[in-house]
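The structure under discussion appears below in the form of structure tokens.
Any value given below was found using the heavy atoms of this structure, including those in side chains, with hydrogens, waters and symmetry copies removed.
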Amino acid sequence: MPTRQPVRIKDRRTPGDLLAGLLALAVLVALIVGVPYALFRLAGPPLPPELRNLDLLTSQVGTSTIVAILVLLVWLAWLQMVACVLVEIYAGVRRVGMPARVPFSGGTQMFANRLVSAAMLLFTVSAVALPIAKLTSLPPATSAIVSTGLSAASAPADAERVELAPVQKAKKVYVVQPPHGRHHESLWEIAEKCLGDGRRYPEIYRLNQHREQPDGSRLRMADLIRPGWVLDMPDDARNVHIVPASQPRDDTLKDHPGKPAELDGRTQTFTPGGADLPAEPAPEISTPGEGAGRARENGRHDTAERRSDTAASHDPRQVPVPRATAERGPDTAATTAATTAPATNAPERQNSGAADPGAAVAGHAENGQDTGLEMLDYLAGASLAAAGLLVALGRRRRQQLWHRAFGRRITRPREDAAQAELALRLGADAPGSRMLDVGLRLLGRSLAAQNRVPPTVYAAHLSPQTLDLWIHPPDPDAPAPWSAHDGGQVWRLPAHEGRMLDEQALADAPAPYPGLVSLGSSGEGRVLVDLEAAHGPISIGGAQATAALAALAVELATNRWSDRIRVTLVGFGEELTVIASDRIRYVGSLAEILPELEASGKDGGNRGEVLTGRIHGRAADPVCTPHYLLSAIAPTEEEGRRLALLARKGVRTAAGYVIAGDVPHATWNWTITEEGRARVDALGFDVAAQLLPRRQYRALIDLFLATERLEGEPLADEPEPVIGTPSVEVRILGPAEVVGPSPMEEGRAVIAVELVVYLATHPGGVHPVVLGGILWPRGVQAVVRDATIARVVAWLGTDSQGRPNLYADTSGRLRLGPEVRTDWMLFRDLVRRSHANPGGRPELLDRALGLVRGPLLNGRPRGRYAWLAADDLEYDVTAGVADAAHRLCEVRLARGETDQAVAAVRAGLLLAADDEGLWRDLLRATHLTDDPVRLRAVADALHRRAASHPYGGGMAPETEALIDELLPAWRMRSAPTA
């Protein structure tokens, strides 16, 4: 960015300059001399006798003492002004450039700067004390001043008689600094430091968008920058470096590896802006072992804080920069960024298109922390795939519970895998997935009832308001509740109609369009295309072709709007079989699969036969089972010819072929641009592509691999004793409740309760910035976050000792007071006391299970409490409640108290309903009541629950075997009638 043209400095002062200088000098004399003289005459010395008396600390404070303190504060303010004036005079006389910063003197030093600058005009024209910036590579002989919006260096008095040397065009740049502790820079903060207003960050973004940085990457998202990047800045920026406009960014980084002068030595800290938090209450006397317990909790929280420090946030103020290595070329898994600052492994839209998206990113775990932002960017954005993945994950978790041993919890994911699950929970569009599934099945059944041939659906658009199908040929006669639009080219299902559809009534209806898969997002909703509608091979090109193929594979393998499909992956995605082994298989080359496809293709029908056969079939036994081929390996000329013949261009078959690279005779050509856009010229689409880059791919695989670890993990350490009566009780063993304070208005209660729940379950405390990333993972303005915290502080009030129930400790972390207790804390304490008693103390376990009111945080709003995915709480609570119910059941059965044993197990099932160990306890206890009708009711309820479970999977083999043993005839009565 060029600067303004050089100007000459005038060699004479104007009358205005003289007047301003005289006034400034008079003000300086008045401040430096007049103020202390007046203070001595009117108020006395800085330390009057009232403040020199040591009894001041214990005696009652009177009016004279308060006046003395105010006088002292005025003296201190005067001393600060004198210091600022001296610093500015030194900088102006010695021409040292940027004046030193006087601590806590922002406005005062600026005022002193203006006074000194004006006064010095009386003595010299050029020695102004305004900040200057060094221009590199300028001719040393010149004394010309480059007008940059900052101030100028000095010039000789005969400036008009000296010919000015040519001045190179210059630009202002800012070097993104490495993280300080857990603090990372964002465009918002850079705009605040350099432009005076964080809201101007879009100006910096526009100047640097898509420009290559020293590490080879580019700025594509306003909330994702990296240490070592060199950002071009607007003309009026300050606290920046000024460099020649033509200087490469690599050279700029080498010349300016550190901070700009004004920022040197300054530490980035956070102070809650509007949350006027009370100070830490006086420490209590700890019970034995309490310190170790808190240390363990602090350790657990530190892990959570590292995980959540910069949770995915689209507010640039809240998004720090991850650290690790950056991917660069299509043939390189990872390269080290050419920068003195730590690099990052934040995947960008130019991720490699190599054949294996699961290739490890070098240095990811070793070189830095994960912000979770990338997981939100990709996984949460794939809303339909996220919904399917969560269902598949839930099914695997149920199987883990089948093998859980008492005293242990199921293995939970860590690091990237945990962040991946968090992103899936945030982004999953389960209602949209349901409407797409049920709406299409209803459409197929309605057309079958009318004996009509279904139209070709080549694309669909799913938004919060409607589901639109783009069909061919146009048909104005859409079956209700669908309606025709645009001359019959679009069939539309309104969202309110889709929500009212009876899912159970359509349980056996077949899926007519299983090949629909997300292409990407249009900004208003999801755009899907039908792979079968291409009637031929689909070519996909671009550097991120494999990332797009991986996203297609994941959604095809887990979506709910298809019944039984086969997905064959060629040259990539071997690990994806861990997600859906029944749908996905991997082969190494097209040559391996083409003979099979050619053999099965001989039986394919035409468009009418495929679609008509499907809608007249059954979901459990679909007609024309589809087979989709996704290949990261480009075909040879002969393979391309065979694929074209196989697809029988122009005729619909129950197959689809998407192949990376140039494909002869391709029907559709998809292009994934460097900016991450998906373009299908034949359909006229240009949308934000749905991608699964390497790191997200690896995180998903790790997430599902964790479900294969059946040995489980030990439960958390012994809890600390619960002492006293709480002033605030936080209930999480059921619907979330905060008992004690007066009710909060409904619109604000949800986030306030979640804030209290998080702090109550993380007694080690959490920094406000981290808490903002946890509660608002997509971003929040600092003023909103701080206002929420302040509101909760006032809501919780104080305890019986007058101490605040929510306060900030000396490190700035938010903590709850000692009289805030959760029902989970009391539950664990009761269980601990029961275990410590040789007799088992069943009454203590009864009290503990009496605290359970339903599933953990039951009824939580959609999108809230996503942090549970990366936290121990959900796993610990489920296992702890199940273990307590199991132990109480055993104690009651040993005493012959069968009814009490049944009640104990049912109490545990309120929260741990998927733990089949408890169901087996219930079967045994019910069997010992010698009531076969009651036992039959339990078996039937378990069977119905397993058959209709949203995650599917049936019952554990051990449970079925136990029912066979206790109730041999149950299968006959439970079998569905023909």
Side-chain angles (χ1 to χ4, degrees), residues 398-399 401-409 733-734 823 827 830-831 833-835 837-856 858 877-949 951 953-977:
R398 285 196 69 208
Q399 295 173 0
L401 283 170
W402 294 353
H403 299 85
R404 187 187 76 85
F406 285 96
R408 300 179 71 84
R409 69 186 186 192
L733 303 179
D823 53 357
F827 181 97
L830 291 169
V831 172
R833 289 161 55 193
S834 173
H835 289 176
N837 191 286
R841 297 289 301 276
E843 66 276 10
L844 294 178
L845 291 176
D846 270 329
R847 284 181 57 194
L849 290 170
L851 299 172
V852 177
R853 298 169 292 115
L856 176 70
N858 189 32
V877 170
T878 304
V881 170
D883 285 358
H886 172 70
R887 178 178 175 81
L888 182 56
C889 176
E890 288 186 329
V891 171
R892 294 299 190 189
L893 289 179
R895 298 183 178 188
E897 301 168 346
T898 54
D899 287 337
Q900 291 90 331
V902 170
V905 176
R906 289 193 177 278
L909 286 171
L910 285 175
L911 189 143
D914 283 337
D915 195 308
E916 291 211 13
L918 285 183
W919 283 101
R920 292 192 288 271
D921 285 340
L922 181 60
L923 288 168
R924 295 188 189 97
T926 306
H927 175 68
L928 292 176
T929 63
D930 295 325
D931 187 345
V933 175
R934 195 173 177 185
L935 179 61
R936 163 65 65 180
V938 173
D940 288 345
L942 181 55
H943 178 264
R944 287 194 302 271
R945 186 178 188 281
S948 61
H949 197 285
Y951 296 150
M955 284 186 286
E958 186 177 349
T959 306
E960 292 193 28
L962 180 61
I963 299 177
D964 286 336
E965 177 186 345
L966 302 180
L967 199 65
W970 80 278
R971 291 184 185 275
M972 184 180 304
R973 291 188 55 182
S974 298
T977 57

- Task: Look up atom CG in D930 and atom CG in L928, then write down how far apart they are to the nearest 0.5 Å.
- Result: 7.5 Å
- Query: Hey, what do you get for CZ (R409) to OG1 (T878), rounding to the nearest 0.5 Å?
  - Reply: 10.5 Å
- Not counting sequence neighbours, list each pair that qualifies as a ring-ring contact (aromatic ring centres under 6.0 Å, His included) and has a residue in residues 883-909. F406-H886
- Where do D883 and G407 come nearest, in terms of heavy atoms and distance? OD2-N, 2.7 Å
- Item | Residue R847 excluded, over 12 heavy atoms near CZ under 6.0 Å | no
- Item | Separation of D823 CG from L733 CG (nearest 0.5 Å) | 3.5 Å
Show which side-chain atoms of residues 908-919 pair as donor or acceptor with protein atoms under 3.5 Å away, not counting sequence neighbours.
{"residue": "D914", "atom": "OD1", "partner": "R945", "partner atom": "NH1", "Å": "3.1"}
{"residue": "D914", "atom": "OD1", "partner": "R945", "partner atom": "NH2", "Å": "2.8"}
{"residue": "D914", "atom": "OD1", "partner": "H949", "partner atom": "NE2", "Å": "2.9"}
{"residue": "D915", "atom": "OD1", "partner": "G917", "partner atom": "N", "Å": "3.0"}
{"residue": "D915", "atom": "OD2", "partner": "R404", "partner atom": "NE", "Å": "3.0"}
{"residue": "D915", "atom": "OD2", "partner": "R404", "partner atom": "NH2", "Å": "3.0"}
{"residue": "E916", "atom": "OE1", "partner": "A956", "partner atom": "N", "Å": "3.1"}
{"residue": "E916", "atom": "OE1", "partner": "T959", "partner atom": "OG1", "Å": "2.5"}
{"residue": "E916", "atom": "OE2", "partner": "R398", "partner atom": "NH2", "Å": "3.4"}
{"residue": "E916", "atom": "OE2", "partner": "W402", "partner atom": "NE1", "Å": "3.2"}
{"residue": "E916", "atom": "OE2", "partner": "A956", "partner atom": "N", "Å": "3.4"}
{"residue": "W919", "atom": "NE1", "partner": "A913", "partner atom": "O", "Å": "2.9"}

- Query: Say you draw a straight line from CD of Q399 to CG of L401; how long is it, rounded to the nearest 0.5 Å?
  - Reply: 10.5 Å
- Is it true that atom CZ of R408 has more than 12 heavy atoms of other residues, nucleotides or ligands lying nearer than 6.0 Å? yes
- Message: Contact between L935 and L923 at the side-chain level, heavy atoms closer than 4.5 Å - yes or no?
- Response: yes
- Message: Measuring from atom CZ of R924 to atom CG of L893, what distance do you get when rounded to the nearest 0.5 angstrom?
- Response: 10.0 Å
- Would you check, one step at a time, whether the test side-chain contact (heavy atoms from CB on, under 4.5 Å) holds for I963 with L942? CA-CA 10 Å; I963 299 177; L942 181 55; 4.0 Å; yes
- Note on the structure: S834 and L844 have their tightest heavy-atom pair at N-CD1, 3.7 Å
- Does the side chain of F827 come within less than 4.5 Å of V877's, by heavy atoms? no
- Under the ring pair (Phe, Tyr, Trp, His ring centres under 6.0 Å) test, which residues partner H927, sequence neighbours left out? none
Expected list for residues 897-905: side-chain donor-acceptor pairs under 3.5 angstrom, two or more places apart:
{"residue": "E897", "atom": "OE1", "partner": "R892", "partner atom": "NH1", "Å": "2.8"}
{"residue": "D899", "atom": "OD1", "partner": "R934", "partner atom": "NH1", "Å": "3.2"}

